[in-house]
Amino acid sequence: MWSSRSHGQRIAALTVIGTAIVLPLVVFVLGPNMPPGKGTPVASSQVTDNTVLLVVMTPFTVFILAYLAYALVVFRAPKGEGLVDGAPVRGHFKAQVAWLATTTAAVLFLAIFGTTELLADNGAGGGGGPNPVAKPSGAVFPVQVIAQQWEFTYRYPTYGGVETATLVLPAGREIAFHVTSLDAIHSFWAYQLGVKADANPGVDNVAYVRTKSPSTFQIRCAELCGLWHGYMSDTGRVVSSSDFATWIAARRRQFAPVMNYLPKYAPSYAPDPTFRAG
Amino acid sequence: MKLRRLIGFNLLTAVVLGIVGFYLGWWLGHLVKAPSLDYFDDTGQNDIALFVAYLTGVVGFLVGLGFANYPVQRMLGKPPSLREKETAGIGRYFGLCTDHKVVGLQYLIGIGAFIFIGGLNAMLIRFELLRPTHLAWNGNNYLTLVGLHGTMMMGMMTSGILGPFANYFVPLMIGARRMAFPRIEALTFWLLMAAGTILMTTLAFGGFPTGWTGYAPLSEQSNMGMDAYIAFFALVGLSMTLLGLNMLVTVITMRAPGLSWSRLPIFVWGTVTTSVLMVLAAPVLISTLFMLALDRTAQTSFFNVQAGGSPYLYENLFWIFGHPEVYVLALPGMGIVLEILPVFARKPLWGYRLAVTGMVGIMLLSFLVWQHHLFVSGINGDLRPFYMLSTELISLPTGFIFVCALGTLWAGRIRLTVPMLFALAWIFNFLIGGLSGVFLSDVPSDVTTHGSFFSMAHFHYTIMGGLLFAFFGAVYFWVPKMTGFELSERLGKIHFWVMFIAFNSTFGPLLVIGFLGMPRRVVTYAGYLQGANEWVSISAFVLGASMLVFLVNLVWTQVFVRTPAAANPWGSKSIEFQLPSPVPVHDFDRIPTFGPDPYPYGVIEGTRPVAVPARPTA
């Protein structure tokens with residue numbers, strides 16, 4: 001039998017070797033392919049965030065799996081052995097302190113890192129309520145997202161509050177999504193943009209994101225909102241500034257007659273009375 | 001069995017009185033008239049009648065079982081009937097019985113049946129998801145399946161380990177002959193059975209579309225099927241509160257002489273910490289659902305925006321209950337695993353105090369993390385760093401449990417029996433569950449993963465991979481002790497390997513599918529995810545089939561073969577294995593005394609400070 005010291009050294013060696021193999025894979029292969037892609041700076045920093053989380057987890061995971069594998073191979077009772085007890089080891093003060101210290105360090109690092117990322121990215125694309133603590137410094141382009149059962153519509157307050165059924169955004173602008181709902185709770189999830197914000201009735205939930213070059217992105221409702229929740233999806237577009245100007249002008253002409261019947265643009269709207277959906 | 005036994009206070013009477021009570025309440029509820037309720041006449045939906053019917057139905061059911069006998073007889077000055085204390089006959093399994101061992105077995109079968117229904121729902125959900133477009137169920141039926149699966153599992157599994165195993169073994173482990181409140185103990189079980197039945201009646205009233213969370217205002221506009229959800233969860237909450245109280249009082253007041261807190265088996269600690277969560281969290285659920293029921297019936301406006309209420313209130317209250325609730329599901333599993341590992345590693349539990357600290361730490365921290373479910377909801381955006389920190393801090397006490405589990409294996413003599421396999425699988429599954437949880441606790445990462453299949457796969461790794469694997473570990477470990485008949489080791493191993501591989505093959509890919517952008521609870525999904533979803537569905541069917549292996553094992557060995565189980569087949573040094581199988585009705589002849597060490601493995605014979613084995617009653 002090996003001494004307990006050599007068990008420890010072997011497991012430590014397995015952990016180091018395993019980490020040395022897995023870590024580069026995580027950083028260079030898995031990391032760049034982490035969701036939600038690099039469609040916007042916010043999305044890119046979520047990719048970075050996911051990669052950092054994976055990197056911090058890797059040594060712990062490798063250690064636990066290496067330990068388990070080692071234990072199952074080396075500490076197995078031989079076949080046909082009767083009931084033989086192992087040594088009554090009841091703890092190991094240094095090992096416990098070392099474990100506590102490393103996990104605490106990892107957790108505190110993750111919390112601080114996450115907080116910095118959250119503030120640096122103006123809420124990291126997540127809905128931060130009506131008045132988020134971190135805001136972009138420059139000018140923002142506001143778009144209101146109105147969720148209702150079971151579709152999204154979009155209002156452009158800087159273009160006379162025109163309301164459209166498709167979401168088109170100008171490229172290279174700092175967008176402020178003002179997400180609200182007319183009935184149940186929905187969630188506006190623009191996957192490639194790295195944006196998710198719940199739509200609550202009576203609440204203006206703001207999420208910031210800076211668009212990059214022209215592209216398309218998927219929109220889905222991410223909060224169970226009733227019968228046709230599964231069908232509540234949409235495709236949005238990021239287009240160049242000139243294309244956007246043409247598009248919004250056309251929409252304003254198209255919807256000019258409707259504008260008289262729309263409620264005035266507001267952060268949120270009085271929802272319909274709650275009624276039985278049947 | 002004599003036919004005369006069918007008349008009296010038993011399950012048959014209870015079902016009859018339950019149905020009578022239901023229709024009586026339904027009739028009474030329709031007598032309620034008020035101008036503000038005219039609205040319901042137009043829709044043909046009378047929530048008041050349904051709530052009253054559920055209430056009177058449950059009361060009828062409990063009276064039929066005989067729960068009213070004792071208080072009524074005492075009030076009338078008559079000597080109480082002792083029927084509930086009967087010690088023999090199969091009949092006591094079909095009614096009110098205050099033997100903690102009978103209640104444990106009742107729980108095992110009763111909860112097992114409802115969990116099986118919940119599992120079937122999951123199969124139907126995965127069948128629909130074989131195709132990215134509509135396949136089998138319409139939108140309403142699909143959402144009802146999702147809601148039934150989630151609610152049934154989250155409701156029933158709260159007592160999935162405490163119900164059968166803590167009721168049966170905690171009194172033995174602390175050297176008591178019964179629980180502190182035996183009638184309440186029986187009541188918790190029968191309340192759960194009434195609740196499960198009520199939840200199934202949602203099918204008769206149109207189902208409910210909200211999933212297990214029941215978010216208002218969706219739950220306020222839903223039709224009458226929602227009332228079944230409310231009544232179910234409120235009754236489950238009541239059962240949880242009573243179960244937790246009973247466990248706490250039992251462990252605090254009824255420990256045998258010499259059995260101090262630091263000598264308790266770790267499973268008892270898992271039970272105690274879970275019970276604290278139950279007692280503190282479940283009442284919040286009951287009051288929240290009461291408010292929701294008032295909104296739906298008496299037209300109050302707790303969660304109604306245009307009348308001054310707020311859906312945020314519901315979300316907050318629900319998760320103040322809901323997050324401790326998920327640790328109600330995790331902690332008993334940890335207790336079971338740390339109880340099983342020493343037996344099959346032939347080692348004392350490594351770091352006993354650290355494990356207890358871990359459990360207590362999880363218990364305390366679990367009350368401070370609930371808003372991580374609401375990171376993108378726009379509620380208290382400024383508090384997100386705090387909830388990120390508190391959530392990530394929970395991984396420290398959880399890490400204690402891991403390091404204690406690993407330390408126990410150190411230089412052990414590991415025997416891979418079926419319970420041990422399940423305990424080791426718990427370490428693997430819960431590791432993945434915990435690590436995926438870190439993504440959800442980190443706000444920037446949560447923006448993508450929140451509300452996606454990733455979070456769904458995460459909590460299946462912790463609850464199914466954690467709790468259910470621990471549950472089966474406990475079943476293979478303790479059921480022969482409870483019934484007196486062996487389970488098949490070979491079928492058990494088949495069950496384990498199929499379940500373990502199929503489980504990971506189901507939920508591992510779901511983590512990826514969620515990352516790729518598939519939201520939870522949807523009936524349609526993007527076409528490029530079809531291959532992955534087909535793989536997951538087929539794995540899920542195999543996972544379902546593994547449960548059939550277990551059922552075959554259970555029925556075959558317990559009903560047909562009936563090989564008597566040895567008193568101590570595993571060589572355990574825990575007190576329950578020093579008693580005969582099954583444990584005699586009066587547990588011990590005399591109250592045992594306990595030494596300082598609950599896990600005296602590797603200690604020299606003769607100096608072993610072990611529980612004095614009790615002699616069986618002849």
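Proteins come first, then strands; the chains are lettered A, B, ... in the order of their sequence lines, and each starts at number 1.
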| said: Rounded to the nearest 0.5 Å, what separates atom CZ in Arg413(B) from atom CG in Asp85(A)? | reply: 9.5 Å
| message | What part of Ser441(B) gets within 4.5 angstrom of chain A, counting heavy atoms only: side chain, backbone, both, or neither? | response | neither
| Does a donor on one side chain and an acceptor on the other come within less than 3.5 Å for Asp49(A) and Ser445(B)? | no
| message | If I measure from the heavy atoms of chain A, does Phe375(B) come under 4.5 Å with its side chain, its backbone, both, or neither? | response | backbone
| field | Nearest-0.5 Å distance, CZ of residue Arg521(B) to SG of residue Cys221(A) | value | 11.0 Å
| query | Once you round to the nearest 0.5 Å, how far does CG of Leu68(A) lie from CG of Leu409(B)? | reply | 6.5 Å
| query | Checking heavy atoms, do the side chain of Leu349(B), its backbone, both or neither come under 4.5 Å from chain A? | reply | backbone
| request: State, yes or no, whether a side-chain contact exists between Leu72(A) and Leu424(B) at a heavy-atom distance under 4.5 Å. | output: yes
| remark: Applying a strict 4.5 Å limit to non-hydrogen atoms, the region of Ala526(B) in contact with chain A is backbone
| said: Please classify the contact between Leu431(B) and chain A as side chain, backbone, both or neither, with a heavy-atom cut-off of under 4.5 Å. | reply: side chain
| said: Quick check for you: to the nearest 0.5 Å, what is the distance between Tyr525(B) atom OH and Arg220(A) atom CZ? | reply: 11.0 Å
| message | Parallel, tilted or perpendicular, judged at 30° and 60°: which one describes the rings of His7(A) and Trp410(B)? | response | perpendicular
| query | Is chain A contacted by the side chain of Phe208(B), its backbone, both, or neither, given a heavy-atom distance below 4.5 Å? | reply | neither
| said: Return the CG to CD distance between Leu354(B) and Gln96(A), rounded to the nearest 0.5 Å. | reply: 5.0 Å
| With a 4.5 angstrom heavy-atom cut-off, which part of Thr133(B) approaches chain A: side chain, backbone, both or neither? | neither
| remark: Value for CG (Asp442(B)) from CG (Leu110(A)), rounded to nearest 0.5 Å, stands at 7.0 Å
